[in-house]
Peer 1: 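One structure coming up, written as structure tokens, with questions to follow.
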Amino acid sequence: MSALTEVSRLKKEPRGKKRKLTAAEKKEERVSYLFLAPWLVGLVLITIGPMAASLYLSFTDYNLLQPPEWTGLENYSRMFEDTRLQNSLGVTFLYVFVSVPLQLIAALALALILDRGMRGLSFYRSIYYLPSLLGGSVAIAVLWRQIFGTSGLINQLLALVGIEGMGWIADPSTALGTLMVLNVWTFGAPMVIFLAGLRQIPTMYYEAAAMDGASKVRQFTTITAPLLTPIIFFNLVLQIIGAFQSFTQAFVVSGGTGGPADSTMFFTLYLYQQGFGNFNMGYASAMAWLLLLIIAAFTFINFIASKWWVFYDD
Amino acid sequence: MTTNIAPQTSTAPAAGLKQTPAAPPTRRKNRNSEELGGSAGRRLLKHLVLIAFGIIMLYPLLWMLVSSLRPNDVIFREAGLWLTSFEVSNYTEGWNALQSPFGHYMINSMIVVIGSIIGNLVSCSMAAYAFARLKFRRRNLLFAIMLMTIMLPIHVIIVPQYIIFSELGWVNTFIPLVLPKLLATDAFFVFLMVQFIRGLPKELDEAARIDGCGHVRIFTRIILPLMMPALATTTIFTFIWTWNDFFSQLIYLTDPEMYTVPVALRSFVDSTATSSWGSMFAMSIVSLLPVFLVFLFGQKYLVKGIATTGIK
Amino acid sequence: MKKFSRPARTLTAASLAVVLGLSMGACGNGGSESAGDGNLRFSWWGSDPRHEATQEIIDIYESNNEGVTVAGEFSDFSGYWDKLATTTAGRDAPDVITMDEKYIMEYAGRGALTDLTELENLDLSKFPEAALDLGRYEDGVYGLSTGQNAYSVMVNADLFAEAGVEIPDDSTWTWDDYYEISATISENLGEVAGTDYGALDGDLRIWLRQNGEKLYSEDEPGTVGYSPENLLSWFEHLLHVRDTGGGVSAAQFTEAAAGTFEAENFPTKKTAMGWYWSNQLGALRAATGDDIRILRVPSPSGNAEDNGMYYKASMYWSVSSQSDDQAAAADFVNFLANDPAAAEKMLVDRGVPANPDMAAAIEPKLDESQQTVVSFLEEIEPEVSDSPKPSPIGAGTVQETIVRYVGEVLFDNLTPEEATEQLTAEIEGMISAG
């Protein structure tokens, strides 16, 4: 990733001494900002302000209804004593580490299978995407109970083979697992991105390889896998960011409680409860910035590591 | 593994692309007949496995469909997919249950969705081109900032953002929902497109530059057509995510006449007393139709890869 | 870069200033754009039948009052509170707000609501003092009860019949009767349990009231109003129900606790008894299709006067302090609270009207279930003692917290002693911040 090498280069350059740009470079800069203009305007007008405000609020006691009061680092130091917060961090980390790899593997495998070479693939693709359409719908709350409840589908199937089921959603030891299943089951989004990535690989590579007599496996390892790395990387980074912020599914399935016994209390769900349920928006903002630091650290590590395995053609 | 493929790839594509327009159909056929030449048994097995998985995938939709045809009180008492009665009234009642016919909310959603799609396609691809192909100082800093903007949960952003839009007098309009998309605030798509553009052979733009093309031309004539799969992905995702986005639409739209599909759907549900679940499921099915159609239609563009997109 | 960086920086600074200034100060002018011209915004939560009825009420009001418009805003319960908090923070709250017992002190105590006694257009004279007390904060009344409810035991008469158990006389039944009946039904019906655990703050309140105590202390704000042994005995009581086999499994309890009303154990006929607010009778009959009866809660002594039952305001009408046309808002609330035309549309959807004239006006229009609820509330009136004040500031999530601890106890993850200690500490942590 050139971004990082450039970051380090920028750091090495002495600040005061500015290198003169050539005319061509100057022109490219101007063009760059032309292309970036909408994004920059959005950043300044819509994004940065609220982000900065939330950073400020994280140092205050803010109940949404009255003006905030500056409390310095109190919100941050409070986190050290908040065992529910620490528990929610644990739940979130576990969820990220288990469900992201599982979901990505499922998505990649199905993208490869559904890519080409068979009749009816567009039909299968659409079917396999369906769960992702339902995503955070209220219907999921009801459905998940029908599947994993004490008298749900899973237990009925288990009963057929003589195994006594359990309350998968109700038991604190399995409730998070059902949410991971839900997440893996909605693999549609990364699958679609993988499919698009696969389609960007020029078919001629495969033809050339086939002519050389390369096997399917070899074609995958020498053509598909390396050329797909930028997309795999993208999915990895974004799924991690998304999983850390995971909210809707837990909110919907647990009715907003994070239960049973806080076993599905994701960090953002706790943050939401603090902010909107208990009117501690200052504390919620501090939590949000802690989350941002964690996610940023993971993303940074991802970018560093990508130097060794992501292949770009530039 | 990555290094030894590199030289090979950087020479091949440019030449290959120019000859594409006529080629793909025959190639496709070749591949298909290759498959046909393979064992029919294996293909049958593959279909069977795919169908078996497909049923698991379809279960929620089938269940929703069945629920939408059940009387309200049966939905929660019966698990399975067997229908004992056939209640079409959920559809007629659901359609007319709120102040306007349900179609009204779908039109509202459609307006927001179309605005968002146009916004994301235009603004995100522009930003992505700059990040992926152009050199400018602080590029990496800006890129990092861009990624950071999607790392804060919406729940702490929404209040300050609401204050801005409310001061501008834009609450209860679609502006707070569409304007951010026009201004590329969805870093997900910028990053997605950056990755796709970086996956395109750079020789293409270099050749064009030697021919005297400016960046605007390279962007519109070469990059955009080649990133069709990414644009299709963006369109599909923007459609679905905007169509399902409940929270910001709930916050910014106050007049029921302005409500969108997700907000209208929740209006059937009351956690403390009777909800119109039948109507809710029926209208969920109805509102899924356009999304499903968009996916069915849109995924064809997903699979139109580089091979079928010639350069003129 | 140079060209863009300076304006970019200035813009960033400017937008920062705007956002900080607004969200921090949050005290300037505000409210809806139209100042004092009789354009009102009115918000409530619920499902579509309520939306429809409420819109009809608005239409009547508008046709009676030329030049006044009332814009209704509705959503589901949880979305409602997110939106209200956000709009209030943005100084853009609706003029007339539907309030809930859990949050009214939060909003009143923090200056977001208007003292209704100071609004001239609003006639509170028909409301009994006890009903007004339900919305009292310090010296003002910040919410007007839309109607009353009482927490009660619902029994499924069909399941009782199937189990061969007689429905008890609720004016004399004791907890021992309750345990025995639950256990017998579970035994006789197998699949169906005798009772669902009542585990909301309503149940706890009743238990504490039977022991002469309250959930929240009224003398010492920010502390609980009970002694630990009474909370402890409540947990033990729930365990007793479980251990005698009268209750559903811990798993079934937790599943229902996170669920939706219709998916709970009693509406899905998994139990023969359940704990509900009186106004839910009709919904329960619809959900089960069975003959559901409403009973007083059991008491320790068998004397109904000791059963600790109380009236709760189903919802409240409140007027936002940010409203720039409080006179018009007051007039509209007056219509909602004192006009038979409004009451006849609302019926008992928002509780049985506390205004006796309204209760009388709707009586002939009620269906059988609604009729039953009204007469039940009338019947228990002599026994009902003073009602608890609304939950204090910070108590918005106490109910969920109680349910969470009950789940932990039922799953044996916590002993009643541990749960008592931790729950008390957690509740006090929440309410002391206010």
Side-chain angles (χ1 to χ4, degrees), chain A residues 3 6-7 28-29 31-32 35-36 38-39 41-42 46-47 49-51 53-54 117 122 124-131 133-135 138-139 143 146 153 192-193 195-196 199-200 202-204 222 226 230-231 234 238 241 245 268 271-272 275 284-285 288 292 295-296 299 311-314, chain B residues 1-2 5 9-10 13 16 27 31 35 50 54 57-58 60-61 63-64 79 123 126-127 129-130 134-136 140 143 147 149-153 155-157 160-161 180 183-185 188 191-192 195 198-199 201-202 215 229-230 233 240 244 269 284 288 291 295-296 299 302-303 305-307:
Chain A
E6 256 169 73
V7 167
E28 183 153 337
E29 284 229 354
V31 175
S32 303
F35 274 99
L36 282 179
W39 175 74
V41 173
I46 298 176
T47 320
M51 284 182 79
S54 75
S122 69
Y124 289 123
R125 277 194 287 265
S126 306
I127 298 296
Y128 281 43
Y129 193 75
L130 269 172
L133 291 183
L134 298 177
V138 205
L143 170 68
Q146 301 271 20
L153 191 69
V192 164
I193 296 171
L195 274 171
R199 280 304 155 137
Q200 236 197 359
T203 43
M204 73 199 60
T222 56
I231 303 306
F234 170 83
L238 265 300
I241 294 178
Q245 296 186 357
T268 36
L271 178 158
Y272 163 82
S285 300
L292 182 136
I295 298 177
T299 310
F311 164 70
Y312 292 105
D313 192 37
D314 53 11
Chain B
M1 186 215 301
T2 48
I5 192 90
T9 45
S10 42
R27 229 183 264 144
R31 289 189 69 87
E35 290 292 330
L50 283 175
M57 294 290 129
L58 261 183
L61 193 81
W63 174 82
M64 255 175 79
S123 63
M126 284 170 65
Y129 180 72
L134 299 174
K135 282 207 179 65
F136 50 96
N140 306 297
F143 191 78
L147 277 185
T149 59
I150 49 171
M151 293 180 192
L152 271 188
H155 302 112
V156 297
I157 297 294
Q161 211 183 55
L183 298 176
T185 51
F188 181 94
F191 188 25
L192 176 77
Q195 293 304 93
R198 297 188 71 187
K202 215 171 181 180
H215 282 291
T233 310
I240 292 161
N244 287 336
V269 180
S284 296
L288 264 181
V291 196
F295 187 81
L296 206 63
Q299 55 107 13
L302 273 184
V303 298
I306 202 167

Peer 1: Look at Leu58(B), Leu147(B), Val156(B) and state which one has the largest set of heavy-atom pairs under 4.5 Å with chain A.
Peer 2: Val156(B)
Peer 1: How far apart are the closest heavy atoms of Ala130(B) and Leu36(A), and which atoms are they?
Peer 2: CB-CG, 3.7 Å
Peer 1: Less than 4.5 Å apart, any side-chain heavy atom of Leu143(A) and any of Met64(B)?
Peer 2: no
Peer 1: Which of the residues Val41(A), Thr47(A), Ile193(A) is involved in the greatest number of heavy-atom pairs with chain B at under 4.5 angstrom?
Peer 2: Ile193(A)
Peer 1: To check you understand the geometry: which heavy-atom pair defines the closest contact between Ile46(A) and Pro180(B), and what is its length?
Peer 2: CD1-CA, 3.8 Å
Peer 1: Once rounded to the nearest 0.5 Å, what's the spacing between atom OG1 of Thr233(B) and atom CG of Leu195(A)?
Peer 2: 8.5 Å
Peer 1: When heavy-atom pairs shorter than 4.5 Å are enumerated against chain A, which of Val291(B), Val269(B), Ile157(B) gives the highest number?
Peer 2: Ile157(B)
Peer 1: Tyr129(B) versus chain A, heavy atoms under 4.5 Å apart: side chain, backbone, both or neither?
Peer 2: side chain
Peer 1: Of the backbone (N, CA, C, O) and the side chain (C-beta and beyond), which part of Ile240(B) lies under 4.5 Å from a heavy atom of chain A, both, or neither?
Peer 2: side chain
Peer 1: How many angstroms lie between atom CD1 of Ile127(A) and atom CG of Leu61(B), to the nearest 0.5 angstrom?
Peer 2: 8.5 Å
Peer 1: Can you see which heavy atom on His215(B) is nearest to which on Val31(A), and at what distance?
Peer 2: CB-CG1, 3.7 Å
Peer 1: When rounded to the nearest 0.5 angstrom, what distance separates CD in Gln245(A) from CG in Leu152(B)?
Peer 2: 7.5 Å
Peer 1: With a 4.5 Å cut-off on heavy-atom pairs, point out which of Leu192(B), Leu288(B), Leu296(B) contacts chain A the most.
Peer 2: Leu192(B)
Peer 1: Tell me, side chain or backbone of Thr149(B) under 4.5 Å from chain A's heavy atoms, or both, or neither?
Peer 2: both
Peer 1: Rounded to the nearest 0.5 Å, what's the gap from NE2 on His155(B) to OH on Tyr272(A)? Could you check?
Peer 2: 6.5 Å
Peer 1: Of all heavy-atom pairs between Met151(B) and Ile241(A), which one has the smallest distance, and what is that distance?
Peer 2: CE-CD1, 4.2 Å
Peer 1: Quick check: does any side chain N or O of Gln161(B) sit under 3.5 Å from a backbone N or O of Pro50(A), one acting as donor and the other as acceptor?
Peer 2: no
Peer 1: Taking Ile231(A), Leu271(A), Thr268(A) one by one, which has the highest count of heavy-atom pairs under 4.5 Å against chain B?
Peer 2: Ile231(A)
Peer 1: So which heavy atom on Gln195(B) is nearest to which on Pro230(A), and how close?
Peer 2: NE2-O, 2.9 Å
Peer 1: So which atom in Gly54(B) and which in Tyr128(A) form the shortest heavy-atom distance, rounded to 0.1 Å?
Peer 2: N-OH, 3.4 Å
Peer 1: With a 4.5 Å heavy-atom cut-off, do Leu238(A) and Ile150(B) have their side chains touching?
Peer 2: yes
Peer 1: Which one wins on heavy-atom pair count under 4.5 Å against chain B: Ser54(A), Gly275(A), Ser32(A), Ala296(A)?
Peer 2: Ser32(A)
